[in-house]
Amino acid sequence: MSASRMSQILFSRVSHAARKPQQFIAPAIRYYSCQTGNYEFIKTETVGEKKNIGIITLNRPKALNALCAQLMNEVNHALDHFDSDSSIAAIVITGNEKAFAAGADIKEMKDKSFAKNLKENFIANWNGVAKSRKPIIAAVNGYALGGGNELAMMCDIIYAGDKAKFGQPEIAIGTIPGAGGTQRLPRIIGKSKAMEMVLTGNMITAEEAEKSGLVSKVFPADKVLEEAVKLGEKIASHSQIVVAIAKEAVNAAYETTLQQGLQFEKRMFHSTFSLTDRKEGMTAFLEKRPPNYKNE
């Protein structure tokens, strides 16, 4: 399929009614799920044995979860809620079996002008996902194209279903990525592969994405969300405040030189020695017992 045809099918709204998405949440997860938000284009839940994992599900199935302004505003609102909730230790963002998100909403963008984009600071708030203090896991099934791929890259970890597809097809509709595709992608997979994806608009498979480092792990499609929640629960078993420090240190590697990063890491490491949780963690290790973290 040509990049142009692919973009027409996958990057714009679907005009006909899509089949109702299958519920691919494993029964073990559905058992203790509960609704915590009420939005038009997303759904939110808290899951896990301790109900400490927040899930944000993109919910525009007829448009393959195309990212419109309202959807992104709702995502940011939900993230703010989970960020401020001390009972939530990790967050998962997912879509449905057909699409994580097939791109930005072309109908919403078609008639915009350069001047209007400047006045509105168009898509500036999309980067809110990358600013979350808590770890975010993208659970990707189906298409993660354009803004969908960029949204996944804003997350800290990406788990993918074995049929997932990733790409930046903006070139096929006369524009370029605008939410990190030309910046995050080369930092993650290298210049050559990123340049190939951006200049051709071609998609890569989940297997290719894993080999290139874009994706951490690949699972059967019906297991991706379950595995992402398990990962969130593993992260949640540690001190939340130390997890936040570790996330900040890793992210600093993309913004600094090696020497600056090493110095920052050392200071962050030193800072953990002011924490009750650091003392508890080391004491529990020596006493051969599970730690009892207080997140302080």
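Hydrogens, waters and symmetry mates play no part in the numbers below; they use all other heavy atoms, side chains included. As the structure is a computational prediction, the values presented were derived from the model and not from experiment.
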4.5 Å side-chain heavy-atom contact, D85 and T46: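 The answer is no; the side chains never approach within 4.5 Å.
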
Between [X] and [Y] (side chain of the first, backbone of the second, donor and acceptor by atom type, cut-off under 3.5 Å), is there such a pair?
| X | Y | value |
| --- | --- | --- |
| E150 | G180 | yes |
| N76 | N125 | yes |
| N141 | N96 | no |
| E97 | A221 | no |
| N65 | A99 | yes |
| N117 | F122 | no |
| R133 | A244 | no |
| N59 | K43 | no |
| R187 | Q183 | yes |

By side chain to side chain contact (heavy atoms under 4.5 Å, CB included) - contacts of A138 (at least two apart):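 Listed in chain order: F100, V140, A152, C155, I158.
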
Mind checking salt bridge (Lys or Arg N to Asp or Glu O under 4.0 Å) for [X] and listing every partner two or more places apart, or none if nothing turns up?
| X | answer |
| --- | --- |
| K211 | E207 |
| K247 | D156 |
| E208 | none |

Evaluation steps, side chain to side chain contact (heavy atoms under 4.5 Å, CB included), between L64 and L145: CA-CA 10 Å; L64 293 180; L145 303 179; over 6 Å; no

Between E74 and Q70: side-chain donor-acceptor atoms closer than 3.5 Å: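 Their side chains do contain a donor-acceptor pair, which is all the 3.5 Å distance test asks for.
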
Summary of salt bridge (Lys or Arg N to Asp or Glu O under 4.0 Å) pairs that have at least one residue in residues 280-296, sequence neighbours excluded: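 Qualifying pairs, neighbours excluded: E280-R289, E287-R289.
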
Taking every non-hydrogen atom, the tightest pair across P186 and T182: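 For P186 versus T182, the nearest heavy atoms are CG-O, 3.2 Å.
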
Aromatic F82 / basic K134 pairing, under 6.0 angstrom, 45° off normal: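 Cation-pi check for K134 and F82: fails.
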
Pairwise ring-ring contact (aromatic ring centres under 6.0 Å, His included) hits with a residue in residues 240-284, at least two apart: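 Matches after skipping sequence neighbours: F269-F273.
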
